[in-house]
Every structure is written in C-alpha cells, then in structure tokens.
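Since the model is a prediction, treat every value here as computed from it, not as a measurement.
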Protein chains: 4
Amino acid sequence: MAAAGSRRVPRAERERQMLDAAVATFARRGYRAASMDGIAEAAGVSKPLVYLYLNSKDELFSACIRREAAALTAAVRDAVQDGATPEVQLRSGLLGFFEHTAAHPDGWTILYSQARTVGEPFAAEVAALRAEIVDFVAALIAAACGSQEVAGYAHALVGAAESLAGWAASSPSADRSPKDLAATLMTLAWSGLATAVPPAPAS
Amino acid sequence: MAAAGSRRVPRAERERQMLDAAVATFARRGYRAASMDGIAEAAGVSKPLVYLYLNSKDELFSACIRREAAALTAAVRDAVQDGATPEVQLRSGLLGFFEHTAAHPDGWTILYSQARTVGEPFAAEVAALRAEIVDFVAALIAAACGSQEVAGYAHALVGAAESLAGWAASSPSADRSPKDLAATLMTLAWSGLATAVPPAPAS
Amino acid sequence: MAAAGSRRVPRAERERQMLDAAVATFARRGYRAASMDGIAEAAGVSKPLVYLYLNSKDELFSACIRREAAALTAAVRDAVQDGATPEVQLRSGLLGFFEHTAAHPDGWTILYSQARTVGEPFAAEVAALRAEIVDFVAALIAAACGSQEVAGYAHALVGAAESLAGWAASSPSADRSPKDLAATLMTLAWSGLATAVPPAPAS
Amino acid sequence: MAAAGSRRVPRAERERQMLDAAVATFARRGYRAASMDGIAEAAGVSKPLVYLYLNSKDELFSACIRREAAALTAAVRDAVQDGATPEVQLRSGLLGFFEHTAAHPDGWTILYSQARTVGEPFAAEVAALRAEIVDFVAALIAAACGSQEVAGYAHALVGAAESLAGWAASSPSADRSPKDLAATLMTLAWSGLATAVPPAPAS
DNA sequence: TATGAATGAGCTTTCATTCAT
DNA sequence: CATGAATGAAAGCTCATTCAT
C-alpha cells in the first residue's frame, strides 16, 4: 500500500500524497479508527512528517474534507451548462455529480458518511456544503415550476441522488452508469414535479 | 444524567437502561468516541455490570442496532395497511417511518449515520435492514406499475425519505410534520412514477 | 526500586505510594525528565492506575508539592514554641526546618529546586509558600528589633537557611547537624560575624 | 523575536546570537521544555546551523552555562578591590554580584535555577562555580576574623546573597538597588541584626 | 555559509477489559 | 446482583538529530 516513496520530495507533492493516503484511510476506517501511523505508512512517510505538514489529526481531516468538497462542487459546477433550461441544468449537474462520486468513491465516503458523524467542526462544514447544493437544486426547481414550496422537494432530490450514488458504489454494474442514474432520477423527479407543482398562472 | 439507579433491579430492566444509555451515547459521540465508562455512568451502573450483561462494546453496539432496527421495521410494518393499494401502502409506510424517526432521533442516528461508518460487522447489519426496506418499496412500485426496472426508483425513494427525515430532525418546524413529509414525497414520487412507468396495459 | 506491590491495596494507601514514588522521581530527574512510566514503575503499579487516581502529570506534581509544602510548614509550625521570645521562636523554627529538610531531602528538592523551574502554576504555589515563611521571619525580626526595614533581612535569612540546608544535604557530616546549622545561622544573624567571631587579637 | 538575521554572518557573531537566544529560551522554559526549534527560531537561523556550530542540545546548554558563569565570575572579580581589607573586598564583591545578576537576569536564572535541576553534567559544573565563590567568601571571612570555622558562615552568606538577588529580580523597586542589597547583607553579616537594628525602647 | 526534508524514539494520555470481593 | 481495583495495548503528538543540496 505504501507508495514507493522516493526520498526528498518537494513539500507540495508530499502534501498531496499525504492527503491521498488520508482520504483513503479515513474513508475505509472512519475518523476515529484511522490512526496517524496508518496514514503515514499509507503515504509512505514517517509520522512526524505528517505532523510537520498537516499539524494535527483534526487539521488533516479538515484538509481532506475541504479538498474533496472543493473537487465535488467544482465537478458539479463544471458539468452544469450555464445558459440552459433548469431541467437541462439539473440533468447535467446530476450527471457531473454521479460521475465524480463514481470516480472518487473515497472522497464521497468522507463527505457523505464520515464527516457527518465526527462532531461539530466537521459536521458543520459538510452541512454547509450540502445546504449549498440543496439551495441550488431548489432554485432550479423554483425557476422551472414557479413555486416557492420547493425546499422539501429539493431535500428529497438531493437525498435520492445520494442514495443512488451509494447504490452504484456498493454494487457497480452496467446499468448503473452515471448517465443511467441521472436518467432515473430525472424521470422520477421531473415528471413528478410537473404534476405536483403546476406551472405558474399562465397555465 | 445518571438514571436514579435503585439497587437490585431485575435484569431485563437493567438491560433496557443500559441500551437506552448506550443508544443515546453512541448517537451523540459515535461508536469509537463513546466510552464504556461514559455509557455505564449514563446508565447509572458500574462498568463490570455492563460487561456482565452485554459482554463487550461490539456486542453492546450490535444490540443497540438490532433493537433500534427492530423498532423501526415494526413501526413501519404496523403503519402499513395490509389490504390497501400499493399507493396507500407506501404512503402509510412513509408516514410510519417519519413518525418513528421523529420520535426516536437517537435510534435513527445510530442506524443511519453511525452504524454505516464503523466498519464491517455493523455496516452489513444495517445494509441488510436497508435492503429489506428497499425491496419492500420496490415490490410496491412493481405492483403498482407492473414494471421490472424498479430498483433504481426504490433506491431513490428510500434515499429521499432518509434525507427528509434528517431535514425534519435538523430543523424542526410546523410544516415538516411526518404527514407533510409523506405528502411531499408521495407527490414527488407517485406522479413522477406514473408518467415514468406507465401502468400495465391491462390495468 | 519498585515496592513489592501487594495486589488489591485500598485507594488511600495506593495514592500515598504513588506520591512517594513521584516525589522521589521528580526530585531526582526534574519535572520534565521524569516519565509517568518511571513513576508508575517506582510505585509498583501500572501507569493507568496513576492516571486513574491522580489524573495527569500536572496534577500529580501539584499533589506532590502540596503534600511536601504542608509537611514542611507543619514541621516548622510544630517546632516553634508559641509563647517564647522572638529569638527563641526563630531558633526553634530553624531547628524544625533543618530537621525536616534533612529528614525529607526529596521533598525539599522538589520545593526548593524543581517547582520553581517548571513554570507558572507551580512556581506561584511555591513562591506563595516561601513568601509566607519570609513574612513569618520578618515578623519575628520586627518583634525583636522594633524596626520596619526588615524585609531585606528576612529574605537574606531565608536564603541563608536554604543554602545551609542544601549544604548539609549535599555533603552530610557530623558538624552539620540541624542543631549546628541553626546555631550557625542564629549567631550570624543575631550577633553578626563581627561579634560571633571576634577579630584576631593583633588587629 | 528572531534577530534580523542577515545572511553570511561570521561564525563568532552567529555563535553569539545563538547563545543569546539559547540563554533567553533556557531561562524562560527550562532545559527540557526548551526546544532546539525554538532556539533556532529565536536566533534567526535554521536548526542545522545550530547543530553545525554547537553540536547538540547538551553542548549548547553547557556553552551557555560556561559563558554565563565566566561572565559572572569576571564581574565579581573585577569588582573586588585587590588591596583592600576583607570587609571592603566582600562589600565590593557583593556589589559586583548584585549588579551583574540584575543586569543579566537570564544568565542568573540559568546558573541558579535551571542548571541545578537538569542533572549531573550541568549540576556539577555549576556546583563547582558555587564552591569557588563560597571558598572565596570563606577566605575573606577567615582573613577578617582569624577563625577556621567559617564554612557554614560562607555558605549562609552566599545563600543570602542568592536570595536577595532573586528578591530584587522578582519585584524590583527603588530600595533594592545593588548597593542597597550589598549594604543590607554586609550589615547583617558583619554586625548582626542585634547591632544593625538596635532595639527600640532603650535607644 | 546555510537550509528544506525527513525520521527514530519517547512522551502523555485513553480505553476496553478483567479480577477479587 | 453489583463493584472497586487494576492493566495491556495503542493512539496522538513532540523532539533531538541527520542528510542532501
């Protein structure tokens, strides 16, 4: 598991190696059960070096969360087609989400499962990220349907997406490609919402 | 905090006290961060007694999971009206789910957040419970719509329900009563599914 | 070194054993260089037991200081003859001091050498003890001589006593008994060298 | 805090910077608590350079002790007026001692407090220095009084001087100038309290 | 002359777990 | 039925020290 650690690596790269190892370890064992010894070994360095660069277990975990959160939001943001209709934006955003979580399962595990259970500093960080996503989805729904009572639908949609991402990760198969997942969720949601929240007055 | 532990309590009662304390502690601190000292103190008994009755931290946590899982499934099962249409069954099942999770937030936290992150023996236990629920939902969808491609929809629905339960727990307000949550989800899902998966021709 | 630790000792006695071992270890190695492992071994118990009873290295050291300070002040207080003249009180107090420091060199080392160098919580504790003694001596001098400018003399006397105690401890010999030390210091202080050691005849 | 470390400083100058930083750090934190990192940073150089010049923490501390001890003995020696009477020599030596310790409190702390508590190599070094001073004082007393039983008085005098130096350092005020301290101690020692502070009524 | 990169060893502290009563 | 006394093992963190440049 330990990377064939070539000696004398510049700091930036070493830090990346350490974060990679930490994300993998935290994802597999959880925050508390993961040991700094284990992370250092997985990174192919000695423990003091991890402390020299990342300061503490808390800060290391926080750095992992921030990196993975930034990567996930960037992936979704990049996937969304800016000028498109809300429906297309939501579909492409979901596609980006499913593609990123499939490509980075450890990062997704940290954000979705681990960070929420550790306690305040981290749970709040991740809750804020999730709230941002929920708000984004809510805005898309509101734009499409002209209703204000969309918070519940947004929360439901986000939860459904999380569940599907976990499903695909737990037992990957051909018909659970990101594209399929996005299609399933769009079908379920968009047609449901169309009936549920009838378009504004004009109709 | 410690329950007014009167001496000489019969075993069944003591075990219930311990499980109550353990569920609360595990929910608030997580499996690893919860200490047997803390649980014993919260239960109002000495630590060796916890070991005498529950044998180990692992078994104690497992007992918590089994008790809370049984309570949750019983609540849902009792809520479902047996002879009704799939739609009514699903709606009443969701109502039971939301009512139980709102009434037992610690139990829900253990099942949904903590048990999944601890590692193998427990994650599998909870995954089995969840799979059962997903299958139940899938069966209802299939019964209603006559399609076989329902696994994705079932996973999405369950995830949406989990998300709504967490939403209600995190910031309770008037318009997030179990009944409202169930209505929101039924609206989103059932109308969506109606369009997505057209009813079998015969019906 | 480890006491032949009979198993299952009541808490009060174990705590005394631990404090004995800690005082000896702190005196010989200093606060920082002393390890909790070493102290536990010297006490004939395992390290967790030391933490269970004394909580932390800081609190352990603090408990040592308090015990030794109390013992020293009690020894001096008991030695002083209450109704006597200031001179007799000072002489008997010094005798008590020299006897106690000679009988408990480790305690004296902790108070005089170690506690002052560790840093604020402890240095202040010991400084307060010393100030008390200085004030007591100052009061005796003032009572005997009717002067107010006695603080300097009191500090000098206390420092002289500390030095003599260290001298006796570092190289004990027959003519450095507590009684001799007290006599030397009383002579110096009460009569001055000029009187005590009459100048050589020729001069 | 870090000296404005201009590059390419000659070795002697750099070593002085390092010793200055080390003396200050050792005085404030103690030998064990002071870290080589902290000393290097305080000196404005990198840690390897400290090792290149001073070899190890032990040697660095030893160099500090030797420098400060040499400075103190030089200050006292220079203050003593060579041809004068023992009494004048002692008074001027004390004046030099109090002036030097007041001017170099960190150096004094290292010699008086820290070096004695660290353990053998250093304690012995400082003990030798102190023995030298005690012998010098003893010789003066013997020369003045013609007695051989002066070791106790010399130890008492040195301890009194140390105490007064610490008193002046801990709470400096107008009437604790080096000159005042020397006067107080000379009065006490040379005439004794009885003579120095004549009883109130009779006078 | 001077430093960024790196580590072996040791420290304090905590925890699950077990006897003896 | 119930507990005070006790510990092996491991975790987070720090430090003196070195090497390659």
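Nucleic acid contact for Arg11(D): none, since no nucleic acid atom lies under 4.0 Å from a heavy atom of the residue.
Arg29(B) contributes atom CZ, which lies 13.5 Å from atom OG1 of Thr117(A) (distance to the nearest 0.5 angstrom). Note that CG of Leu54(B) is 7.5 Å distant from SG of Cys64(B), once rounded to the nearest 0.5 Å.
Distance, Ile39(A) CD1 to dA11(F) C1': 12 Å, rounded to whole Å. Between the C1' atom of dG4(F) and the CG atom of Leu49(B) lies a distance of 14 Å, rounded to the nearest Å. At whole-Å resolution of the value, CZ in Arg29(A) and P in dG12(F) are 11 Å apart. The distance from atom OH of Tyr53(C) to atom P of dG4(F) is 10 Å, rounded to the nearest whole Å. Rounded to whole Å, the distance from CD on Glu13(D) to P on dT1(E) is 14 Å. Atom CG in Leu52(D) sits about 15 Å away from atom P in dG4(E), given to the nearest Å. Regarding Leu54(C), its CG atom lies at a distance of 13 Å from the P atom of dA6(F), rounded to whole Å. Per the geometry, CD belonging to Gln17(B) stands 14 Å off P belonging to dC1(F), to the nearest Å.
Here the side chains of Tyr53(C) and Glu59(C) are not in contact, with every heavy-atom distance at 4.5 Å or above. Residues Val50(C) and Met36(C) have side chains in contact (heavy-atom distance under 4.5 Å, counting atoms from C-beta outward).
In this structure, Arg67(B) places its CZ atom where more than 12 heavy-atom neighbours from other residues, nucleotides or ligands lie under 6.0 Å away.
Stem regions for DNA chain F, each three or more consecutive Watson-Crick or G-U pairs with both distances under 3.5 Å and listed by first number, read E:2-21 with F:2-21.
The phosphate of dC1(F) (OP1 or OP2) has no side-chain N or O of Arg14(B) nearer than 4.0 angstrom.
When all heavy atoms of Ala22(A) and Leu60(A) are compared, the closest pair comes out as CB-CD1, 3.8 Å. Pairing each heavy atom of Phe26(B) with each of Lys57(B), the nearest pair is CE2-CE, 4.1 Å.
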Expected string for nucleotides 15-21 of chain E under the B/S/- scheme (protein heavy atoms, under 4.0 Å, primed atoms plus P, OP1, OP2 as sugar-phosphate) is BSBBBS-
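Between Tyr31(B) and Phe122(B), the angle of the ring planes lies from 30° to 60°, which puts this pair in the tilted group.
Test Glu15(A), Arg11(A), Arg16(A) against Glu13(A) for side chain to side chain contact (heavy atoms under 4.5 Å, CB included) and you get one pass: Arg16(A).
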